[in-house]
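Heads up, the thing below is written out as structure tokens.
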Amino acid sequence: MTAQDREVDGVEDVLALFARQPDEPDEGSGGRRDTDRTASGPRAPGGREPKPAPNPDAASPKPAAGTRRHRATPWAEARAIAARSGRSAATAPATANAPARTRRVPLEQALGHVLAEPLAALTDLPSFDTSAMDGWAVSGPGPWSVRPDQTDQADHPDEPAASTDIRLTLTPTPGILAGHAAATPLPDGTAVRIATGARIPPDATAVVRSEHARTDSTGHLHAERAVVQGQDIRPRAQECRSGDRLLPAGAVVTPAVLGLAAAAGYDELLTARRPTVDVLVLGDELLVRGLPRDGLIRDALGPMIAPWLRALGADVIDTRRVADDAHALFRAITESEADLILTTGGTAAGPVDHVHPVLARAGAELLVDGVAVRPGHPMLLARLASGRHLVGLPGNPLAAVSGLLTLAEPLLRTLGGRVPQPAYHAPVRDEVHGHPYDTRLVPFVHRDDRLVPLRYNGPAMLRGIAVADGLAVVPPGGARQGDELEVLDLPWAAWADASASTDDGCFT
Ligand SMILES: Nc1nc2c(c(=O)[nH]1)N[C@H]1C(S)=C(S)[C@@H](COP(=O)(O)OP(=O)(O)OC[C@H]3O[C@@H](n4cnc5c(N)ncnc54)[C@H](O)[C@@H]3O)O[C@H]1N2
Ligand code: MOO
């Protein structure tokens, strides 16, 4: 089957290899030399990314925003700078500009927040020896004489004790129920009905499931299969002891984490404050409704960026359209009270590309000014005089996604106190051509444990990323069939903290 044959539906249509689509437009990768770039050099033999050249700017004083550099920061280094800058802002003392970074929130409001301290168990789990099944608690070897139900007696001491008439025990009685007080000890040779989740009476040695037991005409209970000491009893603290660390600080509160926290005794959680973001969408050519007309196009970034940022753990205060007007942009940037101001468009050097001059006027420090990555190379990261951050995303939509994942994601992750997802690599199914000097980020889907790059990966195109599982990191020079590529998952596919236990299974 050829790549063309597979183009049968939305995904298959965008699923095909560059190598087999030589005519596909791909403005972002080219094969052209970009003499403006120093970057990390061509791919070393074997398809590995060469060691990034040391970036003198990263260690030396940062250029002012008006001083245009002619060196793009290598992709991995740009991400590291963004992560570092977010971390130092997150650990800076609180000021009027930057309120406290942590707060206690009730469990029901904590979903999607990040733990600001490790989640330590407030109780043993389970907190008492528990029956794992409906059946009989037994003591010692069988057959057992059946003890009458004592539940009501234990819970309601004023009421008369249950009858000891053995015949009464042959009619189903509730026995020991979940949620009831401790039962009295179970003498050797006796059994008592018990429900799943109920407390095991002292001296009981096992639970026999109701379907594996029968009573004879004398009222004695027999097990129909061998009884193993401790079977179907969940011993106290089987899952954790009080004080055990269940999750690290930085874990995202998922629905499962909410359940775990509740089980472990929490009513509220100490969480990191979500970083706030103002999104400024620049461009006089943008329409917010209807069809493109008269050289105007639809704003594709306004609807996309805010939910994407929320998936990255941010609180988006506002998404505003700002005209191609340097004064309006200056005001919007300097008046924002968000932790991060994110602009789209206007990062290049066109007549109405105001981001650089406005940052210079605002006295901002450029931490990253251009990244050796395609698409998205004009992206930038700046620190304003107020200490707030600004990420400038290029206007081309896939270039903006590249900027989101390269600069905004690591910055927001460390600002919000999240633990990083462990980086992972996967083999690429076929050859992918590369940029001679720059890293490429290419939308892909997972197929049979391999990464399959998608068509429609040009800087202005969203058709590939809309069906992608993530972006594959293609080193300068490209990748050969089977090369392991770093994978950037899309945030909706990679929310949960993956620090799961890999202990042996527990089936009761
Ligand atoms: N002389 C050069 N020109 C350009 C270079 C360069 O190196 N030298 N780089 C190109 C690259 S690469 C990119 S990426 C863009 C980045 O440009 P800007 O960040 O200044 O963005 P704009 O010029 O405002 O827009 C670029 C493109 O994207 C469209 N756009 C903008 N905003 C939106 C939106 N919200 N929704 C949909 N489309 C949007 C805009 O109409 C333009 O077509 O610069 C190249 N130029
Ligand atoms: O090649 Mo640009 O950085 O359109 O992405």
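Atoms within a ligand are numbered from 1 in the order they appear, just like the ligands themselves.
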L287 side, atom CG; L296 side, atom CG - distance, nearest 0.5 Å: 4.5 Å

Short list, please: which atoms of ligand 1 are under 4.0 Å from a heavy atom of [X]?
| X | answer |
| --- | --- |
| V281 | 35 (N) |
| G345 | 19 (O), 21 (O), 24 (O) |
| H377 | 7 (O), 9 (N), 12 (S) |
| A348 | 17 (O), 18 (P), 19 (O), 20 (O), 44 (O) |
| P394 | 14 (S), 16 (C), 19 (O) |
| D299 | 34 (C), 35 (N), 36 (N) |

Using only atom types and a distance under 3.5 Å, with no angle test, would you say the side chain of [X] pairs donor to acceptor with the backbone of [Y]?
| X | Y | result |
| --- | --- | --- |
| R388 | S336 | yes |
| D448 | R450 | no |
| R79 | L405 | yes |
| D483 | R480 | yes |
| D284 | D324 | yes |
| R321 | V281 | no |
| D244 | R241 | yes |
| T276 | D339 | yes |

Charged N to carboxylate O under 4.0 angstrom, R383 versus E365? yes

If the cut-off is 4.0 Å to any non-hydrogen atom of [X], which atoms of ligand 2 fall inside it?
| X | value |
| --- | --- |
| P378 | 3 (O) |
| P375 | 3 (O), 5 (O) |
| N396 | 4 (O) |
| P459 | 1 (O), 4 (O), 5 (O) |
| A399 | 5 (O) |

Would you say L393 has any N or O atom under 3.5 Å from an N or O of ligand 1, going by distance alone? no

Does any N or O atom in A300 lie less than 3.5 angstrom from one in ligand 1, N or O only? yes

Answer with side chain, backbone, both or neither: which part of [X] has a heavy atom less than 4.0 angstrom from an atom of ligand 1?
| X | result |
| --- | --- |
| E285 | side chain |
| V355 | neither |
| D353 | side chain |

Which option out of [options] puts a heavy atom nearest to [atom]?
| atom | options | answer |
| --- | --- | --- |
| atom 3 (O) of ligand 2 | P394, G376, G370 | G376 |
| atom 22 (P) of ligand 1 | G346, G376, G283 | G346 |
| atom 21 (O) of ligand 1 | G395, G302, P375 | G395 |

Does the side chain of M304 reach to within under 4.5 Å of the side chain of L462, using non-hydrogen atoms? yes

Report yes if the side chains of L415 and R101 come closer than 4.5 Å at any heavy-atom pair, otherwise no. yes

Selection residues 249-306 - residue pairs positive for ring-ring contact (aromatic ring centres under 6.0 Å, His included), sequence neighbours left out: none

Does ligand 1 have any atom sitting under 4.0 Å from a heavy atom of R298? yes

Does the N or O separation between R374 and ligand 2 drop below 3.5 Å for any pair? no

